[in-house]
Amino acid sequence: MMRDFNELTSTAAVIERMANCRDERLRQIVTSVVNHLHAIVKEVEPTFEEWAFAIDFLTRTGQICDDTRQEFILLSDTLGVSMLVDAINHRRNSAATESTVLGPFHVAGAPRLQMGDSISRDGQGEPLYMSGVVLNESGAPIEGALLDVWQTSHDGFYDVQDARQPVMNLRGQFITGRDGRYFFRSIKPSSYPIPSDGTVGIMLAALGRHPMRPAHVHFIVSAQGYQDVTTHVFVEGDPYLDSDAVFGVKESLIVPFVRHDDVPAAERLGVTNPFYTAEYDFVLVRAAVAQPTPLESRA
Ligand SMILES: [Fe+2]
């Protein structure tokens with residue numbers, strides 16, 4: 001076998017070399033990688049030029065990465081792998097709020113604000129009043145739940161991408177009281193392109209795909225004794241809901257952002273008229289709840 005490496009023996013030959021690997025999980029993972037990788041090569045039968053292109057693509061993908069740019073995560077996102085890993089690691093009861101990817105724009109340590117405060121530090125954009133309740137699976141409000149919120153500007157940029165915005169613009173943390181309610185002021189988020197000036201952008205263009213994400217507000221909701229949920233709330237009617245570049249959309253996370261032209265209501269909510277409202281209730285499951293089995297094996 002070792003002297004007769006060919007199309008028929010290749011996979012077994014490489015897997016046999018791992019016989020002395022003491023890390024069972026590592027051996028399991030690399031065995032699977034080799035199985036699938038060899039199967040791909042046998043299926044597509046690449047030319048040397050195509051193989052060299054693939055090596056160069058991955059090399060350039062790595063070379064773009066630095067402290068603030070992670071092209072491999074973007075590659076994972078745009079190939080649907082990030083959302084697949086998320087789905088596998090967040091099998092929950094249907095009552096729980098569905099999760100999505102964290103994305104590359106979360107910043108730890110956003111300012112702790114009072115309920116009703118605005119997360120917009122520059123006032124640019126159409127006013128938004130967002131509210132809801134953090135509930136447990138029984139529908140009871142959760143006191144002391146922490147909501148970490150972040151979103152884009154009205155023209156589709158996060159503060160960390162955009163020198164025009166104040167630091168920590170459109171970011172904030174809120175803690176619920178006994179009623180579990182949250183409410184804050186912001187601006188209506190915009191759909192935006194993921195960074196497309198690197199290898200992932202080249203790939204998307206070559207595949208006839210656009211780089212857009214539908215408008216959303218990011219949340220991480222956590223509470224003592226409950227599983228955290230990292231998710232987005234999407235703007236109903238956004239033109240990119242069915243073609244999100246990173247496959248993050250779930251039907252249950254889409255809500256109407258309702259436009260109002262109502263001066264007394266605007267004054268009551270502390271926003272300028274006209275304005276938008278959006279409501280979303282988060283449901284957290286107890287930390288002790290066992291993970292359900294994979295979809296395929298359910299009855
Ligand atoms: Fe985002």
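One-based numbering, in listed order, for ligands and for the atoms of each.
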Ring-ring centroid check H210 Y240, cutoff 6.0 Å: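 Ring centres of Y240 and H210 closer than 6.0 Å.
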
H216 ring center within less than 6.0 Å of Y192 ring center: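 Y192 vs H216: aromatic centres under 6.0 Å.
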
Polar contact flag, side-chain donor to acceptor under 3.5 angstrom, T152-S190: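 Not at all, the side chains of T152 and S190 share no donor-acceptor pair under 3.5 Å.
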
Atom name in H216, limited to N/O/S, at shortest distance from the Fe ion (ligand 1):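 It is NE2 of H216.
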
The Fe ion (ligand 1) to H218: nearest N/O/S atom name: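 The closest N, O or S atom of H218 to the Fe ion (ligand 1) is NE2.
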
Parallel, tilted or perpendicular, as decided by the 30° and 60° cut-offs, for the rings of F53 and F57: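 Correct class here is parallel.
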
Y192 atom OH and Y158 atom OH as seen from the Fe ion (ligand 1), angle to 10 degrees: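 If I round to 10°, I get 110°.
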
